[in-house]
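Every number for a ligand or one of its atoms is a count from 1 in the order of the listing.
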Amino acid sequence: MASKLRVLGSGNAFCPPGRLHSCMLLDDRILIDAPPTILHQLQKNGISSSQITDLLITHWHGDHVFGLPFLLLDRRFISDREGHSKLRIHLHSNGVERMKEICSLAFPNTLEQVIEERVEWVVENNGHANGWDYERFPVKHTPETDPHGYLLRDKKGFVLLHTGDSGPCESIDQRTPISDVILLEMGVPEGDDFPYHHTPKDIVDAAKLHNEKQFLITHSYASGKEEKIGFNMPKLARNTIQIEDGEIYKLDATGITIL
Ligand SMILES: [Zn+2]
Ligand SMILES: [Zn+2]
């Protein structure tokens, strides 16, 4: 069966109209990042928090990790009261204590046991997540957040490059040629002089340089396509798709197909 990418959110940290924080779900069980509204994002898509076997974290900004306490709270008290399911959390090694602290700040004296008994921390840079192999690699984003992306390969050899939050950088350039689909962020509009995010022009440049590749654009500053307020979606290159919340893509040898 082909792998599946579900868009739980496609917006930047400001949640532009029509978009919740950027968050991806692979095969309805591998979550990439946990934004603060993760429970709403899962519910809207008919996914139970107990279905999630693996959480891959890109970096420590709040729009990517502040949902972890809610995810664990829901598993503990609602979706997995009996404690049948384990959650493997894949992250850069500097993050384990930080994630525990976020959980105890959010819900003091509540999640310690579930973390102890039902969470496995995976800190190696190369690993496996329920049918996918991955390499975690550094990207160019606010350095204090230990920013990383993931090069993910499924059992059939399909390669998805999830670049996290990042400006253009060598580590992405190096991996683009070996990827089937590249998930790029578009965190800031044109004219915003900030090296740690992609602008529309950065994306056009990357897409033209690798015109045989397909790019999916997320973490967008622009409003969703049905919205009347906020920033308009920019024109990008032919081989880019500005993805929207709730969309599902099939990933296989033919490339990507919207379901
Ligand atoms: Zn972000
Ligand atoms: Zn960030």
Side-chain angles (χ1 to χ4, degrees), residues 5-26 30-42 55-71 89-96 98-99 101-102 105-106 136-152 160-172 175 182-190 192-200 202-203 206 215-224 230-231 233-234 236 240 242-247:
L5 171 74
R6 191 187 282 270
V7 182
L8 297 185
S10 58
N12 68 5
F14 300 94
C15 281
R19 299 185 194 275
L20 293 171
H21 293 134
S22 184
C23 179
M24 301 299 141
L25 185 62
L26 288 175
I30 302 160
L31 192 60
I32 307 178
D33 286 333
T37 54
I38 186 61
L39 295 182
H40 175 61
Q41 289 169 285
L42 291 171
L55 165 63
L56 276 56
I57 296 180
T58 61
H59 67 294
W60 320 140
H61 270 149
D63 52 322
H64 299 261
V65 293
F66 277 15
L68 179 58
F70 297 97
L71 193 66
I89 303 181
H90 308 255
L91 74 177
H92 188 253
S93 55
N94 287 349
V96 177
R98 191 184 288 248
M99 293 307 108
E101 198 181 337
I102 287 175
L105 281 171
R136 184 174 46 245
F137 62 95
V139 292
K140 186 175 173 180
H141 192 55
T142 318
E144 296 82 357
T145 66
D146 284 325
H148 287 78
Y150 287 86
L151 181 80
L152 294 138
L160 172 69
L161 185 63
H162 187 303
T163 61
D165 278 14
S166 177
C169 63
E170 218 176 281
S171 60
I172 295 175
R175 289 165 180 82
I182 300 101
L183 200 63
L184 272 188
E185 62 111 285
M186 186 174 67
V188 291
E190 213 54 67
D192 213 331
D193 190 19
F194 189 63
Y196 299 146
H197 285 296
H198 280 70
T199 64
D202 295 329
I203 289 168
F215 291 81
L216 298 180
I217 308 308
T218 186
H219 203 276
S220 179
Y221 69 86
S223 304
F231 288 102
M233 282 161 69
L236 300 174
T240 50
Q242 300 187 57
I243 59 180
E244 299 266 329
D245 291 24
E247 289 177 342

Minimum heavy-atom distance Leu8-Gln41, with the two atoms named: O-NE2, 3.0 Å
Atom name in His219, limited to N/O/S, at shortest distance from the Zn ion (ligand 1): NE2
Parallel, tilted or perpendicular: ring planes of Trp60 versus His92, cut at 30 and 60 degrees: tilted
With sequence neighbours excluded, residues passing side-chain hydrogen bond (donor to acceptor under 3.5 Å, both in side chains) with Asp245: Ser10
Listed partners of His148 passing side-chain hydrogen bond (donor to acceptor under 3.5 Å, both in side chains), at least two apart: none
Asp165 versus His61, side-chain donor and acceptor atoms under 3.5 Å: no
Under the salt bridge (charged side-chain N to carboxylate O under 4.0 Å, His left out) test, residues paired with Arg19 that sit two or more places apart: Glu244
Under-2.8 Å protein N/O/S neighbours of the Zn ion (ligand 2), ordered by chain then residue number: His59 NE2, His61 ND1, His141 NE2, Asp165 OD2
